[in-house]
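One structure below.
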Amino acid sequence: MTIQIFKAKQIDTISKQLHEGQFKGLLIFASSRYCPWCGLVANDQLLPRLKASGLPPIAIVEFDIDDSTPLPNPSGDPSQGLRLPVSLSPRTWAKAHKIRVVPSVTAVNQQLSPLRAPLIGYSSVDFYGAYLEEQITESIRYWAKAR
């Protein structure tokens, strides 16, 4: 399995892999191409967590909050994996969940609704990893029951 932060357009593939158990959790990484902190969060926190051995594999999907391109709806049985509203885009998702500040990271359910308050910004580098693990733990707990 390739270690990467997935793009929003790959959400249908992620849905299938979540259902099959290849990933144990799902996080949305809200970003913007104009955000200097987003690259730091991705490179200093998210990618190292994905590369860490011995930890459950999770999917992290990047949503550019300025992107209005509709997400592909997951293929196959809608009762398996993700269940997305028609015409959902990263921008409409961010607006619906009041994500106005990037970077933001949040654990999400099958409808991509947050499971807890998002991890917003990158002001505390020392504690960020612990807060990120709280998001991951919540996601893994949810998806273990959702399958």
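Every value quoted in this text rests on a predicted model; they were computed, and no experiment measured them. The basis for the numbers below is simple: all heavy atoms, side chains too, and nothing from hydrogens, waters or symmetry mates.
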Given side chains that start at C-beta, do those of [X] and [Y] come closer than 4.5 Å, heavy atoms only?
X	Y	value
P118	I99	yes
S113	H97	yes
K95	R100	no
L112	V61	no
Q110	Y142	yes
I60	L50	yes
F23	F6	yes
S104	L119	no

Is there a donor-acceptor contact under 3.5 Å from the side chain of [X] to the main chain of [Y]?
X	Y	value
S15	I11	no
W37	G121	no
T137	E134	no
E138	Q135	no

F127 with V41, same ILVMFWY side-chain cluster at under 4.5 Å: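 Cluster IDs for F127 and V41 match.
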
Distance in Å, L26 CG paired with W143 CH2, rounded so as to fall on 0.5 Å steps: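 If I round to the nearest 0.5 Å, the distance is 6.0 Å.
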
Pairwise distance CD1(I136) to CG(L46) - rounded to 0.5 angstrom: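 It comes to 8.0 Å.
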
Side-chain donor-acceptor contact under 3.5 Å, D67 with T69: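 Short answer, yes.
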
Note: R33-D64 ion pair, threshold 4.0 Å (strictly below):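 Looking at R33 and D64, the cut-off is met.
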
Ring centers of Y122, Y131 separated by less than 6.0 Å: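 Between Y122 and Y131, the centre distance exceeds or equals 6.0 Å.
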
